[in-house]
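Atoms considered below: every heavy atom in the structure, side chains included; atoms not considered: hydrogens, waters and symmetry mates. Here is the naming used below: chain letters follow the sequence lines, and residue numbers restart at 1 for every chain.
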Protein chains: 2
Amino acid sequence: MTLSEEDYIKAIYHLGKGDNTTVSTNSVAEMVETKPSSVTDMVKKLSDKGVVNYRPYKGVNLTEYGQKIALTLVRKHRLWEVFLVEKLGFSWDEVHEVAEQLEHIKSEKLIDQLDKHLGYPQVDPHGDPIPSKTGEFKKTIKKLLIDIPVGTSGICVGVKDSSPPFLKFLDKNKIALGDTILIVDKEEFDGSFNIQINKKNIHISNQIASNLYLKISE
Amino acid sequence: MTLSEEDYIKAIYHLGKGDNTTVSTNSVAEMVETKPSSVTDMVKKLSDKGVVNYRPYKGVNLTEYGQKIALTLVRKHRLWEVFLVEKLGFSWDEVHEVAEQLEHIKSEKLIDQLDKHLGYPQVDPHGDPIPSKTGEFKKTIKKLLIDIPVGTSGICVGVKDSSPPFLKFLDKNKIALGDTILIVDKEEFDGSFNIQINKKNIHISNQIASNLYLKISE
DNA sequence: ATAAATATTTAGACAAACCTAAAACATTTA
DNA sequence: TAAATGTTTTAGGTTTGTCTAAATATTTAT
């Protein structure tokens with residue numbers, strides 16, 4: 001697969017949600033930042049190669065084979081993201097662009113060894129799951145902390161309230177996007193929570209818990 | 001710079017030895033595995049961009065600007081080689097192909113952080129020097145162990161005698177290509193050496209020392 | 001149901017990087 | 001020093017991935 005082909009495959013994969021829905025020419029064009037006519041060309045080529053199912057005017061989705069390729073790309077992308085954050089000290093929001101380039105490197109051994117070097121991580125710094133070598137992975141969902149049962153853990157991926165006081169609170173308590181948070185327990189009386197973050201336990205109010213989004217495995 | 005352009009720049013750099021000698025169209029063609037006519041095309045383009053000096057029928061070499069680009073590519077290539085060997089357990093001879101891809105990744109931060117992560121290495125697994133961010137590096141030379149003064153260290157890069165008994169000896173003593181060897185001292189009496197390799201001292205005969213090539217910094 | 005709006009495809013062109021074959025130049029050899 | 005040989009360039013063509021403009025299909029709204 002060429003670099004371009006891989007970009008189209010990834011776009012069709014992501015637009016097709018988890019369920020490989022058929023997607024429109026226009027949406028693909030927007031995602032790969034090109035014109036619809038270019039998408040038509042490419043999609044025909046990918047169809048000839050057995051990577052996508054394409055019906056003119058009706059849309060495209062991935063074949064089994066195409067899905068396998070997409071999952072390999074996603075796996076590579078997310079492993080590199082973990083590497084950049086954990087080993088090279090990149091922050092949460094700097095990794096995408098570089099991972100976008102690294103995911104195209106071709107070497108099975110490289111990815112296997114990288115996976116091992118990183119300790120076989122299950123999720124990337126955005127809380128998204130990393131497919132295994134054979135393409136399996138757990139789906140994840142985004143939930144407010146308040147709706148997550150005690151005992152589960154997730155990755156902090158966003159806030160509902162983005163007012164300065166709230167952000168300042170998070171900063172003071174060293175809660176940052178990308179952090180892993182474990183729900184230790186919930187106080188029935190006032191709806192407050194004990195959570196563990198960076199190996200430290202802290203106590204947060206119901207109010208705070210209602211404004212923090214975590215990503216958890218289903 | 002595109003991927004192709006970078007490949008040509010590297011070829012012109014390597015063919016020009018250390019001293020940026022003018023090189024022939026044919027030699028570049030051979031190095032980048034293409035036809036001479038393609039080289040002419042590309043070299044004209046690079047000349048327009050101020051990367052090379054080109055005189056038809058006379059050859060090409062790099063401009064100051066071109067040399068800077070070449071050194072950055074060499075730096076990236078060699079840092080990635082160190083990474084592959086030290087962190088991912090690749091062997092000496094597996095790294096080139098992958099590094100050839102990785103060297104094209106564009107991100108200054110990535111290279112800076114990688115350099116730091118690796119502990120600012122001076123040489124790659126083949127004993128070749130890694131240019132600093134500003135393009136400086138020490139020249140290295142290949143010498144028989146027997147000709148190297150006591151106290152210096154180098155990287156094992158080859159053998160003069162490649163007969164099975166000799167290779168078996170190296171294997172038994174865990175001397176492999178890519179290993180760093182320090183010349184601890186030399187016995188005047190029989191011309192034998194004490195060397196340190198992988199933090200262990202071993203004793204080798206004059207005979208052995210005459211057949212091992214090391215790369216050392218000048 | 002049909003016209004208008006929108007989405008998609010086709011046709012024809014372009015740039016990058018390559019190729020082959022032929023012409024131009026340079027070097028060697030006789 | 002002229003012919004032979006080898007190297008380099010030119011001319012013209014190909015492929016990949018892109019584009020614009022025009023044509024066609026589909027969807028939406030009246």
In whole angstroms, how far is the [atom2] atom of [N] from the [atom1] atom of [X]?
X: Leu3(A); N: dA16(C); atom1: CG; atom2: P; value: 18 Å
X: Asp7(A); N: dT18(D); atom1: CG; atom2: P; value: 8 Å
X: Glu30(A); N: dT8(C); atom1: CD; atom2: P; value: 12 Å
X: Met1(B); N: dA16(C); atom1: CE; atom2: P; value: 13 Å
X: Lys58(B); N: dG6(D); atom1: NZ; atom2: P; value: 19 Å
X: Lys35(A); N: dA7(C); atom1: NZ; atom2: C1'; value: 15 Å
X: Glu6(B); N: dA16(C); atom1: CD; atom2: P; value: 16 Å
X: Asn26(B); N: dC25(C); atom1: CG; atom2: P; value: 18 Å

Among Ser91(B), Cys156(B), Pro125(B), find the residue that satisfies the side chain to side chain contact (heavy atoms under 4.5 Å, CB included) test when tested with Leu177(B).
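Among Ser91(B), Cys156(B), Pro125(B), the one meeting side chain to side chain contact (heavy atoms under 4.5 Å, CB included) with Leu177(B) is Cys156(B).
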So what does Thr25(A) hit on the nucleic acid, given a heavy-atom distance under 4.0 Å: a base, only sugar-phosphate, or nothing?
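Sugar-phosphate: the residue Thr25(A), judged by heavy atoms under 4.0 Å, touches backbone atoms but no base.
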Any base atoms under 4.0 Å from Ser4(B), or only sugar-phosphate, or nothing? Heavy atoms, all strands.
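Contact class for Ser4(B): sugar-phosphate only.
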Can you confirm whether the side chains of Asp161(B) and Ser163(B) place a donor and an acceptor under 3.5 Å from each other?
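A pair is found: one side chain offers a donor N or O, the other an acceptor, under 3.5 Å apart.
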Does a donor on one side chain and an acceptor on the other come within less than 3.5 Å for His77(B) and Glu81(B)?
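Glu81(B) and His77(B) do have a side-chain donor-acceptor pair below 3.5 Å.
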Any side-chain N or O of Ser38(B) below 4.0 angstrom from OP1/OP2 of dC19(C)?
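So the side chain of Ser38(B) is within the cut-off, an N or O lying under 4.0 Å from OP1 or OP2 of dC19(C).
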Indicate whether OP1 or OP2 belonging to dT16(D) is found under 4.0 Å from a side-chain N or O atom of Tyr8(A).
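Tyr8(A) to dT16(D) OP1/OP2: no side-chain N or O under 4.0 Å.
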[atom1]-[atom2] distance between [X] and [Y], expressed to the nearest 0.5 angstrom:
X: Leu145(B); Y: Ile181(B); atom1: CG; atom2: CD1; result: 6.0 Å
X: His104(B); Y: Ile105(A); atom1: NE2; atom2: CD1; result: 8.5 Å
X: Asp179(A); Y: Trp92(A); atom1: CG; atom2: CH2; result: 11.0 Å

What's the verdict on salt bridge (Lys or Arg N to Asp or Glu O under 4.0 Å) for Asp115(A) and Arg75(A), showing C-alpha distance, side-chain angles and the deciding distance?
CA-CA 10 Å; Asp115(A) 194 17; Arg75(A) 171 171 160 78; 3.2 Å; yes
What does nucleotides 10-15 of chain C look like as a protein-contact string, B for base, S for sugar-phosphate only, - for none, at under 4.0 angstrom between heavy atoms?
B-----
